[in-house]
Amino acid sequence: EVTRHFGGRGPSWLRRAAKAGAIKALDGVSFDVRRGENFGLVGESGSGKTTLARLLLQLDTATSGHIVFDGRDLVGMDRAQVRELRSRTHIVFQDPNGSLSPRMRVRDIIAEPITTAGGSAAQRRRVAEVIELVGLPAGAGFHDATEQEWIAVSLHPAQLRHPFCRLVVLHLRVPQP
């Protein structure tokens with residue numbers, strides 16, 4: 001069970017909103033996801049989905065509670081442990097315009113997890129296979145693809161780290177009917 005409250009510090013709009021008390025972004029959230037299972041969390045804007053994603057990836061700190069992943073409590077991890085955790089996680093943000101560099105090509109975005117870690121010839125072949133899966137030319141630039149295609153490009157680096165990637169967080173906007 002994890003809690004994340006805001007108040008007292010942060011941007012001025014948050015301090016003003018918190019004058020009446022702490023803003024409870026998450027209050028006693030608890031769920032279990034077993035190995036190999038998929039889990040979807042859907043909610044209205046402001047319901048805490050992004051806050052939960054940030055806590056799972058250790059981009060923010062819980063007010064109280066525990067987050068257990070692979071048998072380890074994520075709350076209170078040191079920098080080295082967080083770095084190791086992030087090597088086994090991947091996030092796809094809802095807005096590729098804000099999360100992908102417009103200067104990078106499809107091949108560079110997909111290959112980034114491999115090139116960061118060195119990358120063998122077999123891994124480079126795997127990058128080529130994944131680029132083919134995406135269906136965009138390897139040299140395609142940011143303005144050569146739709147938002148949905150860039151979301152697909154964002155997802156594929158997790159496939160390159162398989163079986164090491166243990167957690168994929170998809171932070172996607174659901175189109176309204």
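All residue numbers in this chain count up from 1 along the given sequence. Heavy-atom basis, side chains included; hydrogens, waters and symmetry copies ignored. Quick caveat, the model's predicted, so the values are computed rather than measured.
Considering OG of S64 and CD of E1, their distance stands at 8.0 Å, rounded to 0.5 Å. Distance OG1/T50 to CG/L55: 11.0 Å, rounded to 0.5 Å.
No side-chain heavy atom of T3 sits less than 4.5 Å from a side-chain heavy atom of L26. Looking at R83 and D78, their side chains never come closer than 4.5 Å, going by heavy atoms from C-beta outward. Counting heavy atoms from C-beta on, the side chains of L74 and Q81 never come closer than 4.5 Å. In this structure, the side chains of T51 and F6 come closer than 4.5 Å at one or more pairs of heavy atoms. Using a 4.5 Å cut-off on side-chain heavy atoms (C-beta onward), V33 and F69 make no contact. A 4.5 Å side-chain heavy-atom check between V2 and H66 finds every atom pair outside the cut-off.
Taking the salt bridge (charged side-chain N to carboxylate O under 4.0 Å, His left out) definition, one finds that D73 meets it with nothing, sequence neighbours left out. Residues passing the side chain to side chain donor-acceptor pair (under 3.5 Å) test with E129 are R126, sequence neighbours excluded. In this structure, D144 has no side chain to side chain donor-acceptor pair (under 3.5 Å) partners at least two apart in sequence or on a different chain.
No salt bridge links E84 with R79; every basic N to acidic carboxylate O contact stays at or beyond 4.0 Å.
R105 places no side-chain N or O within donor-acceptor distance of the main-chain N or O of P137, the cut-off being under 3.5 Å. Side-chain N or O atoms of K49 include one that pairs as donor or acceptor with a backbone N or O of G43 at under 3.5 Å. Looking only at distances, no side-chain donor or acceptor of R4 sits under 3.5 Å from a matching main-chain atom of K24.
V68 and L57 fall into different hydrophobic clusters, where Ile, Leu, Val, Met, Phe, Trp and Tyr residues are linked whenever their side-chain heavy atoms come under 4.5 Å apart, directly or through other members.
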